[in-house]
Amino acid sequence: MAILPIRQYPDHVLKKNAVPVEHIDLEVEKLIEDMGETMCAAKGVGLAAPQTGTSRRIIIIGMSGQEKPEQFIELINPQIIMAEGEELAEEGCLSVADYKAKVRRALKIKVSYHDKQAIQREMEAEGIIARILQHEIDHLNGLLFFERLSRIKRDLIKRRLIKRAKHNNSAS
Ligand code: NI
């Protein structure tokens with residue numbers, strides 16, 4: 001297992017539409033293990049494969065509050081098949097360090113996905129778990145949380161992040 005570097009906006013891999021997983025092979029299994037270790041090390045509650053540089057449709061969500069913090073659920077090729085209600089709450093992202101914003105999301109969702117044994121499953125979620133799932137599935141479609149804000153807020157955050165990325169590059 002390995003802790004992978006987490007890609008930061010405006011890295012191009014974060015803007016791509018990720019590719020569906022056709023076969024769950026050793027490479028996919030290893031990626032999921034590494035994503036788990038990476039999320040745990042970063043103290044995240046969710047992670048999408050593109051954030052670790054691999055443009056494939058895999059997300060994991062943490063089981064926070066449980067005894068073993070390293071436990072997580074993997075969802076392969078996840079798809080939202082039902083969404084209802086609405087909720088505005090604060091979000092951040094491991095790929096957008098130090099920024100948080102209130103994002104409007106569905107309150108309740110149902111997701112279909114494949115597990116590691118390639119079995120088709122469904123998950124219903126509400127509140128914070130539904131929010132994490134929507135945030136991570138957005139990553140598979142090349143969307144970051146601040147892109148769901150009003151245009152003014154979105155452009156302001158983008159400008160600051162790009163400025164910061166340039167500054168960091170010239171400093172290293
Ligand atoms: Ni994120």
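Numbering of ligands and ligand atoms starts at 1, following listing order. The shown structure was predicted, so the numbers you read here are calculated from the model rather than taken from an experiment. Starting from 1, each residue takes its place in the sequence as its number. Just so you know, these numbers use all the heavy atoms, side chains as well, and skip hydrogens, waters and symmetry mates.
When side chains are defined from C-beta on, Tyr9 counts as touching Lys15, because their heavy atoms get closer than 4.5 Å.
For a distance threshold of 2.8 Å, the protein N, O or S atoms nearer than that to the Ni ion (ligand 1), listed by chain and number, are Cys93 SG, His135 NE2, His139 NE2.
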Under 3.5 Å, which donor-acceptor pairs link side chains of residues 43-53 to any protein atom two or more places apart or in another chain?
{"unit_1": "Gln51", "atom_1": "OE1", "unit_2": "Ala48", "atom_2": "N", "d": "2.9"}
{"unit_1": "Gln51", "atom_1": "NE2", "unit_2": "Ser95", "atom_2": "OG", "d": "3.0"}
{"unit_1": "Thr52", "atom_1": "OG1", "unit_2": "Ala49", "atom_2": "O", "d": "2.8"}

Please list, one pair per line, the donor and acceptor atoms closer than 3.5 Å that link side chains of residues 154-164 to other protein atoms, with sequence neighbours excluded.
{"unit_1": "Arg164", "atom_1": "NH1", "unit_2": "Ala97", "atom_2": "O", "d": "3.3"}
{"unit_1": "Arg164", "atom_1": "NH2", "unit_2": "Ala97", "atom_2": "O", "d": "2.8"}

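Ion pairing between a basic and an acidic side chain is recognised when a charged N comes within 4.0 Å of a carboxylate O; Lys116 and Glu29 show no such pairing.
When the options Lys100, Arg105, Arg104 are evaluated for a salt bridge (charged side-chain N to carboxylate O under 4.0 Å, His left out) with Glu91, the one that passes is Arg105.
The side-chain hydrogen bond (donor to acceptor under 3.5 Å, both in side chains) contacts involving residues 140-150 comprise Arg57-Asn141, Asp138-Arg148, where partners must be two or more places apart or lie in separate chains.
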